[in-house]
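Note sheet for the following structure.
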Amino acid sequence: MPHSHLPPHPVLSLHDSQSRATVPFTPIDPAHVKVYYCGPTVYDLAHIGNLRAMLTADVLVRLLRHVYPRVTFVRNITDVDDKITARARANGEDIGSLTQRTTEEFHQDLASMNVLPPDIEPRATHNIGEMQAMIARLIENGHAYEAEGHVLFSVGSFPSYGALSGRNPEELEAGARVEVAPYKKAPGDFVLWKPSDADQPGWDSPWGRGRPGWHIECSAMSHRYLGDSFDIHGGGSDLLFPHHENERAQSLCCFPHGKFANYWVHNAMLLVEGEKMSKSLGNFLTIRDVLAQAPAEALRLLLLGAHYRSTLNYTQAGLQEARKTLDRFYRALAAGPVPETDVPEGVMQALADDLNTPKAIAELHALAAQALAGDRQAAGALKAGAGMLGLLQGDPEQWFKGDASDEDTAIEALINERLVARKARDFAKADALRDQLQAQGIVLEDTKDGTSWRRA
RNA sequence: GGUCUGGUGGCAGAAUGGUGAUGCAGCGGACUGCAAAUCCGCGAAUGUGGGUUCGAUUCCCGCCCAGACCUCCA
């Protein structure tokens, strides 16, 4: 059971949405920590709001891996959904090709953001059997019923329904803004299985050809890969209700001896230039939109610059600021050798305190200042600490100059020409050459050791 | 309408019952032929009205404002 190399507990605290408090994190089994996150519905490119959730999970998992010997991180792909069906139809494309392509794009985008892949990435369509088994069991248990080809979860059958999101079913009825389907026994009841037309994706089932409701897939996949009880379940705060509430209800009713998720982690939403990101405002930014304007690492730093539970205002100015910060950090690394170092205590403490990434970044600023003052140990600590955030692992040369290209020799030739002019004290010519490079986006820095350059 | 978050300098963004981090921007200076980078220094903030307290930005209540959720959005 207890391993001698396991850390003393607790080492980190997390804000648990269910208890609405920041609490010490105690794993069910410290030798094996289990995390489930809701992944994307693959019908379109991932946007920077999706990214924020993936990034929060990434930092959480990096931290857990640093502390615990084994972590299993499961993040699903939702590849059956009416939005997918609709988009495929609009594109004149078949569903399989849409979901395949979108999944690949998702993987590419996250890889470019240095978000580590999950250990297991189940697809909903590969887990229909598990979902059907759960649904059958819920019917047997009296927690679900059939009506007009649908199978519905009976919210009234689960006394603690609403405990996660802090709601009660009566309140929900009062404010419901969607008309209630006539076949529901109670307005809060939600679909586990629904009938499919011939032109909709469907699977044979005891309740006829149909497709799963949204919530059941995460219950089925988390159970299959993590069991009755696991440590952390996460996602965006917009998933808290109804998605996570419903997942919890299904899972606990289906597996009453389990505890489902012990801790719930939810990240806050994103604004774009002070406004809610929405299609109607036309300010919907995909990861690719942003990467066309700035390095991925700048976006990563920008998003980690706010605590995950507070609303983050994404701005162009902020993106440029993040980029300049990375210039400074990489300069600190490039100033000399970078020894292998442990993750500095300040960074660990910040992250262990409910993933306080802004505070961790403030620690990095202090280390960068020390490194620039000549403390190479601090440079090592800067790199190690930034590594916990998935930052600063690149080559500084690459950061400043980009991929080596034929252009580089031309740039260096101009720099040499300028040096000759400077030695001759022909500053007019030297400055003209510098301006010429500036116009190409090349910034020069004269040091006592010579002239270095970087792309602006 | 209901539930829940949150309002900190010009901007971004931490923290805290007892003199409010950090970064960007700004200003002054050093360095530089001039820049760039670096360094030194400066100014600058707790939405509003009450309450609790020796002391509130922090805890409590009202108000204003913003955001999220209220049946398939990260």
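Here is the naming used below: chain letters follow the sequence lines, and residue numbers restart at 1 for every chain.
- Look at CD on A/Glu445: it is 10 Å from P on B/A36, rounded to the nearest Å.
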What nitrogen or oxygen pairs link the protein and nucleotides 25-30 of chain B at under 3.5 Å?
residue	atom	partner	partner atom	Å
B/A25	OP1	A/Lys324	NZ	2.7

Applying salt bridge (charged side-chain N to carboxylate O under 4.0 Å, His left out) to A/Asp408 and A/Lys401, what does each step give before you reach the verdict? CA-CA 9 Å; A/Asp408 295 3; A/Lys401 298 185 176 173; over 6 Å; no

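- Within 3.5 Å, a donor on the side chain of A/Lys194 pairs with an acceptor on the base of B/C72, or the reverse.
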Give the intermediate values and the outcome of salt bridge (charged side-chain N to carboxylate O under 4.0 Å, His left out) for residues A/Arg211 and A/Asp82. CA-CA 10 Å; A/Arg211 59 199 194 283; A/Asp82 290 352; 2.9 Å; yes

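- Within the 4.0 Å cut-off from OP1 or OP2 of B/U38, at least one side-chain nitrogen or oxygen of A/Arg331 is found.
- Between the side chain of A/Asp109 and the backbone N or O of A/Phe106 there is no donor-acceptor pair closer than 3.5 Å.
- For A/Asp431, the listed nucleotide lying nearest its side chain is B/G33; candidates were B/G33, B/C72, B/G67.
- Picking from B/A74, B/A68, B/A15 the nucleotide with the shortest atom distance to the side chain of A/Asn50 gives B/A74.
- No side-chain heavy atom of A/Val290 sits less than 4.5 Å from a side-chain heavy atom of A/Leu51.
- Considering only the side chain of A/Arg167, B/C69 comes nearest among B/C69, B/C34, B/C72.
- The side chain of A/Arg434 approaches B/C34 more closely than any other nucleotide in the set B/C72, B/C34, B/A74.
- Residue A/Gln18 contributes atom CD, which lies 20 Å from atom P of B/C69 at whole-angstrom precision.
- The CG-P distance, from A/Leu240 to B/A74, rounds to 15 Å in whole Å.
- Checking side-chain atoms of A/Thr102 against main-chain N and O of A/Thr99 turns up no donor-acceptor pair under 3.5 Å.
- Close to B/C31, at under 4.0 Å from its OP1 or OP2, lies no side-chain N or O of A/Thr447.
- Contact annotation: A/Arg328 side-chain N/O to B/U38 OP1/OP2 distance is under 4.0 Å.
- Considering only side-chain atoms of A/Ser310, the nucleotide from B/A14, B/C72, B/C34 that sits closest is B/A14.
- Note on A/Lys83: a side-chain N or O is less than 4.0 Å away from OP1 or OP2 of B/C73.
- Minimum atom distance to the side chain of A/Lys359 is reached by B/A14, of the listed B/A14, B/C72, B/A35.
- In this structure, A/Leu302 atom CG and B/G23 atom C1' are separated by 12 Å, rounded to whole Å.
- Remark: the A/Ser160 side chain and the A/Arg248 side chain contain an N/O donor-acceptor pair separated by less than 3.5 Å.
- In this structure, CD of A/Gln349 is placed 14 Å from C1' of B/A15, rounded to the nearest angstrom.
- In this structure, of B/C34, B/G23, B/A74, it is B/A74 that holds the atom nearest to the side chain of A/Thr41.
- Residue A/Leu312 is classed as a sugar-phosphate contact, given heavy-atom separations below 4.0 Å to backbone atoms only.
- Judged by distance alone, with hydrogens and angles left aside, the side-chain atoms of A/Asp16 form no donor-acceptor pair with the main-chain N or O of A/Tyr263 at under 3.5 Å.
- Nearer to the 5' terminus of RNA chain B, by closest-nucleotide assignment, is the contact made by A/Phe427 (compared with the other of A/Leu372 and A/Phe427).
- Looking at heavy-atom distances under 4.0 Å, A/Ala362 makes contact with a base.
- Judged by distance alone, with hydrogens and angles left aside, the side-chain atoms of A/Gln393 form a donor-acceptor pair with the main-chain N or O of A/Leu391 at under 3.5 Å.
- Between A/Lys429 and B/C34 there is no side-chain polar atom (N or O) within less than 4.0 angstrom of OP1 or OP2.
- Atoms CG (A/Leu389) and P (B/A14) sit 14 Å apart, rounded to a whole Å.
- Using cut-offs of 30° and 60° on the angle between ring planes, the pair A/Trp264 and A/His233 is parallel.
- Looking at A/Tyr330 and A/Glu297, their side chains do bring a donor and an acceptor atom within 3.5 Å of each other.
- Map A/Ser237 and A/Arg52 each onto its nearest nucleotide of RNA chain B; the residue landing nearer the 5' end is A/Ser237.
- Atom CG in A/Leu326 sits roughly 12 Å away from atom C1' in B/G23 (whole-Å rounding).
- A straight line from CZ of A/Arg418 to P of B/A36 spans 12 Å, rounded to a whole angstrom.
- Backbone-only engagement by A/His365 is indicated by non-hydrogen atom pairs under 4.0 Å involving sugar-phosphate atoms exclusively.
- When distances are taken from the side chain of A/Arg20 to each of B/C72, B/U5, B/A15, the shortest belongs to B/U5.
- Among the nucleotides B/A15, B/A36, B/A35, the one closest to the side chain of A/Asn356 is B/A15.
- Rounded to whole Å, the C1' atom of B/G29 lies 44 Å from the corresponding atom of B/G67.
- Of the candidate nucleotides B/A68, B/C72, B/G13, B/G13 has the atom lying nearest to any side-chain atom of A/Ala306.
- Across all strands, A/Asn246 comes closer than 4.0 Å to no nucleic acid atom at all (heavy-atom distances).
- Across B/C64 and B/G49, the matching C1' atoms stand 10 Å from one another, rounded to whole Å.
- Across all strands shown, B/C59 forms a Watson-Crick or G-U wobble pair, both distances under 3.5 Å, with B/G51.
- As judged by a 4.0 angstrom heavy-atom cut-off over every strand, A/His266 is placed among residues making no nucleic acid contact.
- Residue contacts shown for A/Gly49 include a base, since a base heavy atom lies under 4.0 Å away.
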